[in-house]
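Step one of this worksheet: look at the structure below.
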Amino acid sequence: MSASNAFAGKVVTRFAPSPTGFLHIGGARTALFNWLFARHHGGEFHLRIEDTDRARSTEPAIAAILDGMTWLNLNWDGEVVYQFSRAGRHAEVAHQLLASGHAYRCYATPDELTALREEQRAAKQPMRYDGHWRDRSDRPNDVPYVIRLKAPRDGAVTLHDKVQGAVTVNNTELDDFVLLRSDGTPTYMLAVVVDDHDMGVTHVIRGDDHLNNAFRQLALIRALNWEEPIYAHIPLIHGSDGAKLSKRHGALGVDAYRDEMGLLPEAVENYLLRLGWGHGDDEIISRDEATGWFELAGVGRSPSRFDIKKLENLNGHYLRAADDGRLAALITARAAAALGRELTADDQALLQRTMPELKKRASNLNELAASSLFYLRSRPIPMDEGAAKLLASATPGLLDRIRARFAAQDDWSAAALEQVARDMATSEGAKLGQIAQPLRAAVTGSAQSPGLFEVLEVLGRQEVLGRIDDVLAG
RNA sequence: GGCCCCUUCGUCUAGCGGUUAGGACGUCGCCCUUUCACGGCGAAAGCACGGGUUCGAUUCCCGUAGGGGUCACCA
């Protein structure tokens, strides 16, 4: 029975992170691929928390994983499985293996193992357990032991991986790894195999840092005489320097992409999807399209580098496509923090109304919030460097003359106001920009803003005249 | 170091024996324009190297180089 055979039954995938840190971007992509594959085939996608390492697993990490999955809208089927809760079952399988002669007790102490590794390192030999207790019948009393798998020593194993293709490893490369620790708790290797089997997982899609583990797990599965899942080891995401993504690359939790970088989940998803996978020339891919198109055969075998620029560009695209009310809500907290006050319902409405123009000018929520502030500020508004320059170099008396024309203006629509400015430019023999730029600076406190006359209309006559007065007074 | 994997523009990728090697991000230029964006148009930029196989290799095979992953009573 080869794992490369076409799969006929119901697809079951899982994402199985260990809660020893945040949900990072690589894990998120693994989760996404598992999710897409399951949904594409109308199967199930499960979430399993691999918390067998009691010392390193933490509650905050678990919360961060669930939070990240939820934010990315990667909904899982059924209850979350906590691996540690299944320790009894894992031990049971280990002892079953012991009874069937596929495993044995090893009484080697940590010191002995360290010494063995030192020896092997010195002799430039591969560092592997030597199987000292593999075939011995003597049993020291009152000495702690671990249970090791009696792994095959001859021949080779070929894994038919859906992404990596046929990969063959000699059994001499594998040693008798530990199944059950001396304290009776299971190792990762045992727990994964037992849980995947018990959960009915049909396709194991994970990072290719697990490729070597697959051979050990296969040995275990065969000793158990269980059905082998289909494997797909996807390449890791690397930093811009080509090495595995880590802290020094700014490998952050997905919460940082949401909170600190102000990205939209659909942008992160689209970016992650295109990392290592492609569908012709398509770049902007909806979730529905992705679900319809995704297949493991399309996953490349080479690692890809994380490119924040492309992610930001994609985010800009999704920002422009996003609902205005949603965006207004998303930047509320950021705007409130910058303003030092809560936003009112009127503020919210104003943000939503101005959003179509604001969102064209931002590539993330931070920029979007910052660009909206001038609408919300109370007088006198601060002038940034660019605005100060514009005002300093404006023609003398310009603002006074603009103010006079605006003060006499009845129709406060953008179109009418633009006409006022154009008339003034004509009569003064100036270019529109010479008038518009200083005016923009006075009214927005910046050299850049959405269309000036729309801004004037939104701000209203009183506020505009007031802001001009503030500058004239200052 | 052993084993395993990878190698198309700077980056993500399309390509699955014959193409002017396509798209996207980024970069540069132009257009639009009251600014910044958005949008539109255009440019520079790539098959790591060496052998084969073949009428013909980016594509198939073998080396070399480079990169990566992994070698725990961690997962």
Side-chain angles (χ1 to χ4, degrees), chain A residues 16-20 50-53 55-57 83 106 108-110 113-114 117 120-121 124-129 144-148 159 161 163-165 167-170 172-175 177-183 185-189 191-192 207-213 215 233 235-236 238 240-244 271 274-284 300-314 316-317 320 357-363 371 386 390 418 421-422 425 431-437 439-441 444 446-453:
Chain A
S18 62
T20 54
E50 310 228 310
D51 54 354
T52 53
D53 185 343
R56 297 201 302 152
S57 298
Q83 192 158 62
C106 167
T109 65
L113 293 175
T114 305
R117 273 193 287 273
Q120 291 170 332
R121 187 209 310 280
K124 294 193 172 174
Q125 297 293 311
M127 293 183 282
R128 285 190 280 273
Y129 175 64
Y145 62 88
V146 299
I147 295 180
R148 288 181 183 271
L159 172 67
D161 192 277
V163 169
Q164 303 292 332
V167 183
T168 301
V169 165
N170 285 320
T172 52
E173 299 298 324
L174 278 28
D175 63 359
F177 58 89
V178 174
L179 299 174
L180 211 60
R181 299 185 186 108
S182 52
D183 66 359
T185 61
T187 60
Y188 159 80
M189 218 61 77
V192 169
D208 72 5
D209 51 339
H210 285 291
L211 183 58
N212 293 297
N213 288 334
F215 293 93
H233 288 91
L236 266 17
H238 287 178
S240 51
D241 64 351
K244 187 178 180 179
Y271 178 72
R274 284 285 291 100
L275 220 47
W277 181 87
H279 184 267
D281 284 343
D282 295 303
E283 295 287 346
I284 305 297
R301 283 198 250 180
S302 59
S304 44
R305 301 186 183 200
F306 188 75
D307 181 7
I308 189 66
K309 283 282 183 47
K310 189 151 187 172
L311 210 202
E312 286 239 316
N313 173 276
L314 225 29
H317 173 91
R320 270 165 259 137
E357 285 303 309
L358 290 177
K359 68 187 183 185
K360 286 199 297 200
R361 295 167 169 77
S363 61
S371 74
L390 279 173
E418 177 167 359
R422 286 188 184 281
K431 288 192 167 180
L432 185 54
Q434 292 177 274
I435 291 170
Q437 282 300 83
L439 179 55
R440 182 194 313 282
T444 69
S446 163
Q448 295 97 245
S449 80
L452 177 60
F453 304 107

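Here is the naming used below: chain letters follow the sequence lines, and residue numbers restart at 1 for every chain. Remember, it's a predicted structure, so these values are computed and weren't measured experimentally. Reckoned from all heavy atoms, side chains included, excluding hydrogens, waters and symmetry mates.
- Taking the P atoms as reference points, B/A75 lies 42 Å from B/G26, given to the whole Å.
- In this structure, CG on A/Asn212 lies 8.5 Å from NE2 on A/His233, to the nearest 0.5 angstrom.
- B/G39 and B/A45: their P atoms are spaced 26 Å apart (whole Å).
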Next on the checklist: Walk me through whether A/Asp183 and A/Thr185 qualify under side chain to side chain donor-acceptor pair (under 3.5 Å).
Outcome noted: CA-CA 6 Å; A/Asp183 66 359; A/Thr185 61; 2.7 Å; yes
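- Atom name P, nucleotides B/C6 and B/U64: the rounded distance is 16 Å, in whole Å.
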Could you run down the sub-3.5 Å N/O contacts of the protein with nucleotides 1-6 of chain B?
from	atom 1	to	atom 2	distance (Å)
B/C3	O4'	A/Glu173	OE1	3.3
B/C5	O2'	A/Gln164	OE1	3.3
B/C6	OP1	A/Arg301	NE	3.2
B/C6	OP1	A/Arg301	NH1	2.3

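- Nucleotide B/C73 holds its P atom 14 Å from the CZ atom of A/Arg56, rounded to whole Å.
- Taking the ring centre of A/Phe177 as origin, the terminal cationic atom of A/Arg148 falls outside the region bounded by 6.0 Å and 45° from the ring axis.
- Between A/Phe306 atom CZ and A/Tyr271 atom OH the span is 5.0 Å, to the nearest 0.5 Å.
- With P as the reference atom, B/C73 and B/G15 are 43 Å apart, rounded to whole Å.
- Atom CG of A/Leu314 and atom P of B/U13 are 14 Å apart (whole Å).
- When the C1' atom is compared between B/C31 and B/U7, the two are found 40 Å apart, to the nearest whole Å.
- Considering OG1 of A/Thr52 and CE of A/Met189, their distance stands at 11.0 Å, rounded to 0.5 Å.
- Nearest approach of A/Ser182 to A/Val146, heavy atoms of both residues: N-CG1, 3.5 Å.
- Among residues two or more places apart in sequence or in another chain, the ring-ring contact (aromatic ring centres under 6.0 Å, His included) test is passed with A/His317 by none.
- Rounded to the nearest 0.5 angstrom, A/Asp208 CG and A/Asn213 CG are separated by 11.5 Å.
- In a base pair of the Watson-Crick type (N1 to N3 plus N6-O4 or O6-N4) or a G-U wobble (N1-O2 and O6-N3), with each distance short of 3.5 Å, B/G1 is matched with B/C71.
- Across all strands shown, A/Pro110 has heavy atoms under 4.0 Å from base atoms, whether or not it also approaches the sugar-phosphate.
- When the side-chain nitrogen and oxygen atoms of A/Thr52 are compared with OP1 and OP2 of B/A75, one or more of them lie within a distance under 4.0 Å.
- Taking both residues in full, the closest heavy atoms of A/Glu50 and A/Ser57 are given as O-OG, 4.3 Å, listed atom of the first, atom of the second, then distance.
- Under the Watson-Crick and G-U wobble criteria, each requiring two contacts below 3.5 Å, nucleotide B/A37 is left unpaired.
- Distance, A/His210 NE2 to B/A75 C1': 6 Å, rounded to whole Å.
- If you check every strand for non-hydrogen atoms under 4.0 Å, A/Asn213 touches a base.
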Checklist entry - In the 5'-to-3' direction, what one-character label does each nucleotide of nucleotides 20-25 of chain B receive under the scheme B = base within less than 4.0 Å of a protein heavy atom, S = sugar-phosphate only, - = no such atom? => result --BBBS
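- A/Val178 comes within 4.0 angstrom of the backbone, heavy atoms only, and of no base.
- Rounded to a whole Å, the CG atom of A/Asp161 is 18 Å from the P atom of B/G69.
- Judged by Watson-Crick or G-U wobble contacts below 3.5 Å, the nucleotide B/C49 has B/G63 as its partner.
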Sort me out a list of protein N/O and nucleotides 39-43 of chain B N/O pairs below 3.5 Å, or just none if empty.
from	atom 1	to	atom 2	distance (Å)
B/G39	OP1	A/Arg320	NH1	3.4

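- Each of A/Tyr188 and A/Ser449 lies near RNA chain B, and the nucleotide nearest A/Ser449 is the one positioned closer to the 5' end.
- Between the C1' atoms of B/U27 and B/U11, the separation comes to 12 Å (whole Å).
- Rounded to an integer number of Å, the gap from CD1 of A/Ile284 to P of B/C38 is 13 Å.
- The side-chain hydrogen bond (donor to acceptor under 3.5 Å, both in side chains) search around A/Asp307 returns none, not counting sequence neighbours.
- If you take atom C1' in B/A24 and the same atom in B/C61, they sit 33 Å apart, rounded to whole Å.
- Remark: the separation of the P atoms in B/G23 and B/A14 is 15 Å, to the nearest Å.
- The shortest heavy-atom contact between A/Leu390 and A/Ala447 is CD1-CB, 3.8 Å.
- Computed from coordinates, the A/Lys431 NZ to B/U35 C1' distance equals 14 Å when rounded to whole Å.
- Pairing for B/C28 is with B/G42, a Watson-Crick or G-U wobble pair whose two hydrogen-bonding atom distances lie under 3.5 Å.
- Distance CG (A/Asp209) to P (B/G67): 20 Å, rounded to an integer number of Å.
- With hydrogens and angles left out, the side chain of A/Ser182 and the base of B/C73 share a donor-acceptor pair within 3.5 Å.
- Scanning both residues, A/Leu275 and A/Arg305, for their nearest heavy atoms gives CD1-O, 3.9 Å.
- Atom pair A/Phe177:CZ and B/C73:P shows a separation of 12 Å (rounding to whole Å applied).
- How far CD1 of A/Ile308 is from CG of A/Asn313: 11.5 Å, rounded to the nearest 0.5 Å.
- Taking both residues in full, the closest heavy atoms of A/Gly451 and A/Arg361 are given as N-NH2, 3.9 Å, listed atom of the first, atom of the second, then distance.
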Just the atom pairs and distances: protein N or O near nucleotides 28-34 of chain B's N or O, under 3.5 Å.
from	atom 1	to	atom 2	distance (Å)
B/U34	OP1	A/Arg422	NH2	2.8
B/U34	O2	A/Arg440	NH2	2.3

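- Formation of a donor-acceptor pair under 3.5 Å by the A/Arg440 side chain with backbone atoms of A/Ile435 is not found in this model.
- To the nearest 0.5 Å, atoms CG (A/Asp51) and OG1 (A/Thr20) are separated by 11.0 Å.
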